[in-house]
Amino acid sequence: MITAHSYAAFDPQSPLKSWDFQRREVGDDDVQIDILFCGVCHSDLHYARSEWMPVTYPQVVGHEIVGKVVSVGKNVTGHQVGDIVGVGCIVDSCRHCDHCEADLENYCLEGMQGTYMGVEKQTGKPTQGGYSTVIVVDENYVLRVPAGMDPAKAAPLLCAGITVYSPLRHWKAGPGKIVGIVGLGGLGHMGVKLAHAMGAKVILFTTSPGKVADGKKLGADDVVISKNEEDMARYAGQFDLIVNTVAASHNLDPFINLLKLDGTMVLVGAPATPHPSPQVFPLLMQRRSLAGSAIGGIKETQEMLDFCAEHDVMPEIEMTSMQDINQAWERVAKSDVKYRFVIDMATLKTEQTKD
Ligand code: NAP
Ligand code: ZN
Ligand code: ZN
């Protein structure tokens with residue numbers, strides 16, 4: 001077995017604490033990755049705090065993992081020792097359902113295995129995520145980090161990046177389209193950058209007046225304070241697509257009213273408590289759609305990494321140490337991140353060496 005040093009949640013309220021656990025041995029199809037960086041996703045908080053569902057503790061979260069390959073199984077052909085690689089939210093899936101065969105492992109009909117929130121096929125144990133020193137993953141679920149890409153900045157692409165890239169592609173964001181992004185956090189800031197890089201006109205909706213200038217710097221053509229009804233009214237009936245990343249329950253109707261005929265609002269934010277039900281009339285009067293989207297498949301995640309390398313679309317990150325994770329989480333909970341925390345896992349390795 002391989003000992004992983006980590007920071008884990010032991011119950012819904014207490015701070016994360018140091019914990020050692022065993023990873024499975026490297027199987028014939030597996031890659032062992034020495035974790036260098038892990039991004040902090042709001043889903044880490046929702047899950048570890050049992051906000052979505054009751055969780056079995058201890059639980060290690062983190063699904064924006066970048067590291068170096070240190071060992072490979074005998075069947076592995078796609079990755080070599082020394083490669084810089086990524087692991088996102090998926091570490092396995094059934095591989096034979098219609099969705100897996102269509103490269104949509106994120107919608108696997110038998111349920112994908114989450115990097116956390118899953119059950120490891122090989123051991124039957126709960127999967128444990130990237131706030132740890134090492135991970136073992138089947139090579140088919142490991143991404144190539146493009147040469148020259150900053151590995152710390154690559155980490156947030158593996159969840160925040162793909163979660164907005166996938167709906168922007170599916171609903172065809174591009175030249176001539178008006179795209180709204182709701183919420184300027186980890187997902188939202190990548191949404192602004194990616195939609196802009198795809199050639200769409202981008203309008204950011206935020207509840208934080210202090211983020212207006214940043215929104216424009218990141219690529220938004222305009223920024224609207226979503227609580228300001230007059231400002232919102234300026235955009236009534238204009239949008240082809242709105243990607244809503246907000247991490248809290250809110251009234252969806254003011255955003256639905258901004259869609260044009262056949263426009264779609266895609267919910268990617270996953271609040272702990274449900275949104276109030278939207279009204280029917282704003283939807284039916286302009287044949288508008290309300291949709292949802294979850295991360296993206298492995299092939300599309302690789303495509304997104306390559307797109308980001310080619311167009312130099314990278315996240316704005318704040319580095320944190322593993323020891324400061326609880327303060328970082330408090331700031332995430334207050335929507336006060338510029339715009340993604342990334343944990344430098346060297347800080348955890350130092351702790352392990354001292355033990
Ligand atoms: P984040 O960095 O915390 O950003 C969320 C943003 O939502 C905030 O920056 C804030 O933007 C806005 N917001 C407005 N009111 C809020 C409130 N009361 N509480 C919290 N946020 C509020 O979070 P994230 O990591 O981008 O994740 C956003 C959501 O997407 C989370 O619910 C997460 O679980 C979910 N998620 C879903 C998927 C998927 O596959 N669908 C993948 C990853 C994450 P302003 O300050 O600009 O208003
Ligand atoms: Zn995530
Ligand atoms: Zn499947």
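Residue numbers count from 1 along this sequence. For ligands, and for the atoms within them, numbers begin at 1 and follow the listed sequence.
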Answer with yes or no whether the side chains of [Y] and [X] bring together a donor and an acceptor at under 3.5 Å.
{"X": "Y7", "Y": "N326", "answer": "no"}
{"X": "S50", "Y": "Y57", "answer": "yes"}
{"X": "Y235", "Y": "N257", "answer": "no"}
{"X": "T3", "Y": "Q22", "answer": "yes"}
{"X": "T127", "Y": "E120", "answer": "no"}
{"X": "E318", "Y": "Y339", "answer": "no"}

Please produce the table of protein N or O atoms sitting under 3.5 Å from N or O atoms belonging to ligand 1, one pair a line, distance to 0.1 Å.
unit_1	atom_1	unit_2	atom_2	d
ligand 1	2 (O)	G186	N	2.8
ligand 1	3 (O)	H42	ND1	2.6
ligand 1	9 (O)	L184	O	3.3
ligand 1	9 (O)	K211	NZ	3.2
ligand 1	11 (O)	L184	N	3.2
ligand 1	21 (N)	S335	OG	3.3
ligand 1	25 (O)	H42	N	3.0
ligand 1	25 (O)	R340	NH1	2.6
ligand 1	26 (O)	G186	N	3.3
ligand 1	26 (O)	L187	N	2.8
ligand 1	32 (O)	H46	NE2	2.8
ligand 1	32 (O)	A270	N	3.0
ligand 1	34 (O)	S43	OG	2.8
ligand 1	34 (O)	H46	NE2	3.4
ligand 1	40 (O)	I295	N	2.8
ligand 1	41 (N)	V268	O	2.9
ligand 1	41 (N)	S293	O	3.0
ligand 1	46 (O)	S208	OG	2.5
ligand 1	46 (O)	K211	NZ	2.7
ligand 1	47 (O)	L184	N	2.7
ligand 1	47 (O)	T206	OG1	2.5
ligand 1	48 (O)	T207	N	2.8
ligand 1	48 (O)	T207	OG1	2.6

Practice task
Nearest 0.5 Å please: distance from the NE2 atom of H63 over to the SG atom of C38.
Solution key: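 Rounded to the nearest 0.5 Å, the NE2-SG separation comes out at 8.0 Å.
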Exercise for the section: Verify the distance test for H99 against the Zn ion (ligand 3): any N/O/S atom under 2.8 Å, yes or no. Expected result: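 No, H99 does not qualify, because none of its backbone or side-chain N, O or S atoms lies under 2.8 Å.
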Handout entry: Contact check: H96 to the Zn ion (ligand 3), N/O/S below 2.8 Å
Key =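 For H96, the answer is no, given that no N, O or S atom comes within less than 2.8 Å of the Zn ion (ligand 3).
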Practice task
Any pair with a residue in residues 81-94 that passes side chain to side chain donor-acceptor pair (under 3.5 Å), sequence neighbours left out, goes on the list, sorted by first then second residue, please.
Solution key: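 Only D92-R95, D92-K121, S93-Y141 qualify under side chain to side chain donor-acceptor pair (under 3.5 Å).
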Handout entry: More than 12 heavy atoms from other groups under 6.0 Å of CZ on R287
Key =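 No, not enclosed.
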Exercise for the section: Report, rounded to 10°, the angle at the Zn ion (ligand 3) between the two atoms SG (C94) and SG (C108). Expected result: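 The SG/SG angle about the Zn ion (ligand 3) sits at 100°.
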Exercise for the section: Take the Zn ion (ligand 3) as the vertex and measure to SG of C100 and SG of C97; round to 10°. Expected result: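 About 110° at the Zn ion (ligand 3).
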Exercise for the section: List the steps, then state whether side-chain hydrogen bond (donor to acceptor under 3.5 Å, both in side chains) holds for S321 with D324. Expected result: CA-CA 5 Å; S321 66; D324 287 336; 3.3 Å; yes
Exercise for the section: Give every protein N, O or S atom lying under 2.8 Å from the Zn ion (ligand 2), naming each by residue and atom. Expected result: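 Protein N, O or S atoms closer than 2.8 Å to the Zn ion (ligand 2): C41 SG, H63 NE2, C159 SG.
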Residues 187-203 side chain polar contacts: donor-acceptor under 3.5 Å, at least two apart:
unit_1	atom_1	unit_2	atom_2	d
H189	ND1	G185	O	3.2
H189	ND1	G186	O	2.9
H189	NE2	E316	N	3.0
K193	NZ	M314	O	2.6
K193	NZ	E316	OE2	2.5
H196	ND1	G219	O	3.2

